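Step one of this worksheet: look at the structure below.
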Amino acid sequence: MWGRVVEIMTAAWMVFSPFIFAGDHSETLLILNSLAALLIASLAALSYWPPTRYAHLGILVVATGMLIWGRFAELPPPPFQQNYIVVGLFLMMIAIIPNEASDPPRVWRKEVDHA
């Protein structure tokens, strides 16, 4: 589940990034970052619940939107556009990591009956 923790930390980065980059941040930019962060954190947190364990794959949609916004939108200044592109690519890499990536293989986890 370490991938989900990284996604939640990336959501925190999205909240704080407008204040880290020097520049004029508009309300639209703050709302966009907050909504993206909320979606990322919510989908990552939902992956902890077994019935919705694949919810983190929805982050691929959010990451694709961030890539498109960072590449084609003219609203944010260049540092923010670069941030959207880099974070979008990073989230795409992390979102495809399965929840059980750090667990041993399923075959090893099965209990062996020595009767």
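This one's a predicted model, so the numbers in the text were calculated from it and none came from an experiment.
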Carefully, step by step, assess L91 and M66 under the rule side chain to side chain contact (heavy atoms under 4.5 Å, CB included). CA-CA 10 Å; L91 283 172; M66 290 173 65; 4.1 Å; yes
So M92 and L67, side chain to side chain contact (heavy atoms under 4.5 Å, CB included) or not? Walk me through it. CA-CA 10 Å; M92 284 182 166; L67 282 171; 3.5 Å; yes
Go through the steps for I96 and L60 under the test side chain to side chain contact (heavy atoms under 4.5 Å, CB included), then give the verdict. CA-CA 8 Å; I96 61 173; L60 292 170; 4.1 Å; yes
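Smallest separation of non-hydrogen atoms from L30 and P18: CD2-CB, 3.6 Å. Between V15 and A37, the shortest heavy-atom contact is CG2-CB, 3.4 Å.
Partners of W13 by side-chain hydrogen bond (donor to acceptor under 3.5 Å, both in side chains), not counting sequence neighbours, listed by chain and number: N83.
Side-chain heavy atoms closer than 4.5 Å link hydrophobic residues (I, L, V, M, F, W, Y) into clusters, and following such links, possibly through other members, connects V87 to F80. When hydrophobic clusters are built by joining Ile, Leu, Val, Met, Phe, Trp and Tyr residues whose side-chain heavy atoms come closer than 4.5 Å, directly or via intermediates, M14 is not grouped with L46. Clustering ILVMFWY residues whenever any of their side-chain heavy atoms sit less than 4.5 angstrom apart, transitively, puts V5 in the very cluster that holds F90. Grouping the Ile, Leu, Val, Met, Phe, Trp and Tyr side chains by contacts below 4.5 angstrom, directly or via other members, places I31 apart from V62. Cluster membership check: M93 shares its hydrophobic cluster with V6, using side-chain heavy-atom separations under 4.5 Å among Ile, Leu, Val, Met, Phe, Trp and Tyr.
A distance of 8.0 Å separates CD1 in I97 from CD in E7, rounded to the nearest 0.5 Å. To the nearest 0.5 angstrom, R4 atom CZ is 8.5 Å from W2 atom CH2. Atom OG1 of T64 and atom CG of L89 lie 9.5 Å apart (nearest 0.5 Å).
At distances below 3.5 Å, at least one donor-acceptor pair connects side-chain atoms of Q81 with backbone N or O atoms of A73.
Within the structure, every pair that satisfies the side-chain hydrogen bond (donor to acceptor under 3.5 Å, both in side chains) test and touches residues 31-57, not counting sequence neighbours, is listed here: S17-N33, N33-Y84.
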